[in-house]
Novice: 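Following this message is one structure expressed as structure tokens.
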2 protein chains.
Amino acid sequence: MTKREPPTKEATVADVARAAGVSKAQAARALGGYGAVSEQVLSLVVAAAEQLGYRPNQLAKSMNTGRSNSIGVVVGDIENAHFGLALRGISDEVRGAGYTVVLVNTDEDLAAEAAAVQELLQQRVAGLIVAPCSSTETSHLEAAQAGGRAVVLFDRGIHDLALDTVRVDFEHAALRVGRLLLDAGHRRIGYVSSQRARAAYAHGMDLGLSPVADRVEGIERAFREAGAEWDPALVKLNATSDDALASACAELLDRPDPATAVVCSDSLIALGVLGQIKRRGLRIPDDISVVAYDDFPWTELIEPPLTVVAQPVYDMGREAARALLRRLGHRVPAEQLPLRANLIERASVGAPSPAADRIPQS
Amino acid sequence: MTKREPPTKEATVADVARAAGVSKAQAARALGGYGAVSEQVLSLVVAAAEQLGYRPNQLAKSMNTGRSNSIGVVVGDIENAHFGLALRGISDEVRGAGYTVVLVNTDEDLAAEAAAVQELLQQRVAGLIVAPCSSTETSHLEAAQAGGRAVVLFDRGIHDLALDTVRVDFEHAALRVGRLLLDAGHRRIGYVSSQRARAAYAHGMDLGLSPVADRVEGIERAFREAGAEWDPALVKLNATSDDALASACAELLDRPDPATAVVCSDSLIALGVLGQIKRRGLRIPDDISVVAYDDFPWTELIEPPLTVVAQPVYDMGREAARALLRRLGHRVPAEQLPLRANLIERASVGAPSPAADRIPQS
DNA sequence: TTGAAAGCGCTAACAG
DNA sequence: CTGTTAGCGCTTTCAA
């Protein structure tokens with residue numbers, strides 16, 4: 001017969017007060033460390049609390065102070081090392097201020113994201129850090145904002161919405177990626193991302209204030225500079241599952257005029273793309289060149305080492321947390337963490353295969 | 001339809017009741033979906049709630065029901081893909097039951113872990129899933145347990161403590177790893193882990209109910225079977241930072257009789273060890289063999305592909321969540337997720353380098 | 001069905 | 001300094 005209810009009720013301030021022989025208010029003051037309490041009462045209360053194994057009830061506390069000590073973090077895929085590391089930054093930064101993190105994974109699904117925000121709001125989190133899965137559908141975030149909750153955006157921003165946003169500027173790095181590939185002779189450059197979009201990418205499509213927008217724009221600009229013709233159809237969005245990623249790769253690689261280089265939007269995508277490349281028996285960089293965003297340790301250990309664009313993910317997490325803390329009225333040390341993306345050239349970019357004009361279909 | 005509510009005051013049941021012209025109790029019943037409410041009152045209340053943008057206050061709700069809808073998850077390092085994936089499993093499983101996840105990262109620090117458990121308990125989480133950083137110092141977990149909270153252990157168990165524990169049985173896989181290496185001719189096999197211990201590993205040391213204990217035991221057993229002599233000094237614990245890991249590698253590799261093979265306790269350790277190996281210009285498997293626990297995509301992409309012991313991390317997370325839900329009185333589908341570790345032989349194990357010929361051959 | 005009223009455990013006035 | 005008295009927003013008796 002396992003009882004579901006706790007066998008013994010938790011001790012409350014009232015219990016402690018009674019045991020210590022003081023008023024509830026005094027006990028609460030002693031326990032909570034606010035108001036004025038005499039040495040004697042303090043020790044009496046502390047002893048009684050110890051005795052009874054008293055644990056303050058945070059729920060009750062936040063209920064009548066109106067402020068909770070938890071912040072909500074909403075990400076698309078915690079399995080992605082990008083978010084794992086960012087979460088660590090957030091967690092580290094926020095702990096110092098006494099907050100705890102409520103995490104929700106949305107699977108890059110907009111409805112799930114909206115539900116998560118709703119849920120978190122109901123839980124009365126002090127604030128929200130959200131890596132939105134869309135840069136355009138954001139009414140739920142606006143609502144949270146309008147409802148007077150602090151909201152900080154991570155990675156992706158939103159046009160025309162005054163929300164703190166933490167993201168690194170990819171303009172320069174993206175342009176360098178484009179030039180690097182163009183200089184190597186590539187003209188058919190694929191881009192694969194898990195970012196959601198209603199339709200396939202087309203030129204001029206609004207990607208919002210997203211890294212993907214920056215990165216695609218960088219490539220496009222490099223093409224313009226070079227007076228080369230760029231094919232927007234090689235930008236593949238919505239690669240949120242293994243299947244989706246596989247078909248994106250298929251569309252890029254299994255065609256008469258395959259992409260000769262592919263840029264991977266994050267390390268999870270890179271892993272998938274590399275798998276697809278391997279499956280096809282393509283060699284890097286002889287048959288195909290690869291560049292990936294996010295520099296994780298394994299990118300340097302594979303053969304050949306991957307050319308990547310590194311971003312300070314951990315610091316981005318910390319910065320997001322600090323922005324939120326500031327909004328919550330905390331004095332946060334003014335130190336500014338540098339958020340720069342930079343291209344690290346290793347060995348996964350080479351000249352396009354001379355056979356690329358032909359049909360390497362299997 | 002957007003009303004300019006004073007951002008300071010959220011609408012409450014009382015407000016809704018007033019607006020709907022019914023009693024607070026009726027409004028609460030209608031909103032909360034409990035008790036008996038007439039059609040008419042229901043629609044009235046719902047309309048009023050909509051109008052006022054009412055959002056139930058979870059804190060208040062949990063406060064007087066005594067049960068909260070969040071569970072605490074305590075891990076050593078969320079940056080470790082192992083925990084990232086497990087967390088996804090937990091999160092996916094728990095969401096269906098309406099729970100949300102409060103995550104705390106402890107940096108593999110015991111004091112932080114104890115504080116985290118304390119904090120979570122104060123937040124009145126419904127239950128706890130903990131990947132304890134120690135298998136021996138566990139008074140805080142016992143306390144939580146004794147306090148009537150549901151606690152499920154992840155990865156590491158605790159002797160003599162009746163706590164649900166989710167871990168895979170490594171006995172068989174570990175033995176196979178030992179044999180594989182012995183058969184290849186290795187006699188000096190290093191093991192590197194981030195598990196905490198007060199002192200350096202010594203034979204017979206109590207590692208608790210941990211994967212590391214199983215794995216070391218497996219190797220040792222293989223040695224016994226082969227009648228070979230095993231050197232416990234090659235087991236390196238406490239590799240929780242880059243520095244610690246570097247010196248563990250130094251102790252293994254930079255000596256007259258270096259280890260000829262090294263077993264990495266998880267993928268993060270593996271990444272570090274591979275880095276150290278690369279730095280020394282050692283070739284795998286010619287100069288040194290490597291086996292790692294946890295099979296993540298990159299392990300197959302590096303050169304040579306890593307021989308690993310795979311474990312169903314995602315399912316382990318789900319299983320932990322389900323164990324907790326069961327404890328919390330939920331009916332969880334009886335489907336049993338298979339939790340097996342299995343050795344995947346790839347190409348990172350070879351014969352020991354002839355240069356390491358000081359070793360006695362059997 | 002309804003409503004009034006009594007809490008959940010704590011903080012926050014307000015008097016002594 | 002200390003105690004008394006209200007609430008926070010919601011659920012839950014208990015009568016009507």
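Lettering of chains follows the sequences in order, A, B, ..., and the numbering in each one begins at 1.
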Novice: For a side-chain hydrogen bond (donor to acceptor under 3.5 Å, both in side chains) check, start with the C-alpha distance between B:Asp155 and B:His82, then their side-chain angles and the critical distance, and finish with the verdict.
Specialist: CA-CA 10 Å; B:Asp155 268 353; B:His82 182 79; 2.8 Å; yes
Novice: Do any N or O atoms from the side chain of A:Thr138 and from the backbone of A:Leu141 form a donor-acceptor pair under 3.5 angstrom?
Specialist: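 Checked: no pair found.
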Novice: Decide if atom CZ of B:Arg95 counts as having more than 12 heavy atoms of other residues, nucleotides or ligands within a radius under 6.0 Å.
Specialist: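 Count over threshold, so yes.
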Novice: What integer distance in Å separates B:Gln26:CD from D:dT11:P?
Specialist: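 Checked: the CD to P distance equals 13 Å.
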Novice: Write down the distance separating the C1' atoms in C:dA6 and D:dT5, rounded off to the nearest Å.
Specialist: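 It comes out at 16 Å once rounded to the nearest Å.
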Novice: How close or far is atom C1' of C:dG9 from atom CZ of A:Arg55, stated in whole angstroms?
Specialist: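 Atom-to-atom, A:Arg55 to C:dG9, this comes out as 16 Å.
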Novice: Check whether any side-chain heavy atom of A:Gln26 lies under 4.5 Å from a side-chain heavy atom of A:Val45, and answer yes or no.
Specialist: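 No; the side chains remain at least 4.5 Å from each other.
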Novice: Hey, which sits more toward the 5' end of DNA chain C by its nearest nucleotide, A:Arg67 or A:Met63?
Specialist: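 Result of the comparison: A:Met63.
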Novice: Quick one: does B:Asn64 reach the base of C:dG9 with a side-chain donor-acceptor pair under 3.5 Å?
Specialist: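 Per atom types, no contact qualifies.
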Novice: Within residues 34-44 of chain A, which residues have any heavy atom lying less than 4.0 Å from an atom of DNA chain D?
Specialist: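 Of all residues in residues 34-44 of chain A, the ones placing a heavy atom under 4.0 Å from DNA chain D are A:Ala36, A:Val37, A:Ser38, A:Val41.
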Novice: Please walk me through it: do B:Asp164 and B:Arg327 pass salt bridge (charged side-chain N to carboxylate O under 4.0 Å, His left out)?
Specialist: CA-CA 9 Å; B:Asp164 284 353; B:Arg327 281 261 180 246; 3.0 Å; yes
Novice: Walk me through it: do B:Leu103 and B:Val75 pass the test side-chain contact (heavy atoms from CB on, under 4.5 Å)?
Specialist: CA-CA 8 Å; B:Leu103 175 73; B:Val75 302; 4.2 Å; yes
Novice: For B:Asp15 and D:dG9, what is the distance between atoms CG and C1' respectively, to the nearest whole Å?
Specialist: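 Atom-to-atom, B:Asp15 to D:dG9, this comes out as 10 Å.
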Novice: Would you mind reading off the distance between A:Leu31 atom CG and C:dA12 atom C1', rounded to a whole angstrom?
Specialist: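 It works out to 16 Å between those atoms.
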Novice: Checking contacts here: which listed nucleotide (C:dT11, C:dA4, C:dG7) is nearest the side-chain heavy atoms of A:Lys61?
Specialist: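 Nearest to the side chain of A:Lys61 among the choices is C:dT11.
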Novice: Does a side-chain N or O of A:Thr12 approach OP1 or OP2 of C:dG9 to a distance below 4.0 Å, or not?
Specialist: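 Negative; the distance criterion is not met.
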Novice: Which nucleotide in the set D:dG3, C:dG9, D:dG9 lies at the smallest distance from any side-chain heavy atom of A:Ser23?
Specialist: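 So the side chain of A:Ser23 is nearest to D:dG3.
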Novice: When the distance from CD of A:Gln58 to C1' of C:dT11 is rounded to whole Å, what number comes out?
Specialist: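 So the CD-C1' distance, A:Gln58 to C:dT11, works out to 12 Å.
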Novice: If you take the centroid of each ring, where Trp contributes its six-membered ring, are B:His330 and B:Tyr99 closer together than 6.0 Å?
Specialist: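 Yes: the rings meet the under 6.0 Å criterion.
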Novice: More than 12 foreign heavy atoms under 6.0 Å from CZ of B:Arg326: is that the case here?
Specialist: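 Enclosed.
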Novice: Roughly how many Å is it from CG in B:Asn69 to C1' in D:dC10, rounded to a whole number?
Specialist: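 These atoms are roughly 14 Å apart.
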Novice: Within this structure, what is the CG-to-C1' distance between B:Leu59 and C:dT11, rounded to whole angstrom?
Specialist: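 The answer, rounded to whole Å, is 15 Å.
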Novice: B:Arg29 CZ to C:dA5 C1': how many Å, rounded?
Specialist: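 It works out to 12 Å between those atoms.
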Novice: Find out whether A:Ile71 and A:Ile90 are in side-chain contact, i.e. whether some heavy atom of one side chain is under 4.5 Å from a heavy atom of the other.
Specialist: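 They are in side-chain contact.
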Novice: Given the rule that a pair is Watson-Crick or G-U wobble with both distances under 3.5 Å, how would you write DNA chain D in dot-bracket, using | for pairs to a different strand?
Specialist: ||||.|||||||||||
Novice: Go nucleotide by nucleotide along DNA chain C from the 5' end; which of B:Gly21 and A:Ala28 gets its closest nucleotide reached first?
Specialist: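 With B:Gly21 and A:Ala28 compared, the 5'-side residue is B:Gly21.
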Novice: The test is side-chain hydrogen bond (donor to acceptor under 3.5 Å, both in side chains); show your working for B:Glu113 and B:His140 and say whether it passes.
Specialist: CA-CA 9 Å; B:Glu113 182 179 301; B:His140 53 297; 2.8 Å; yes
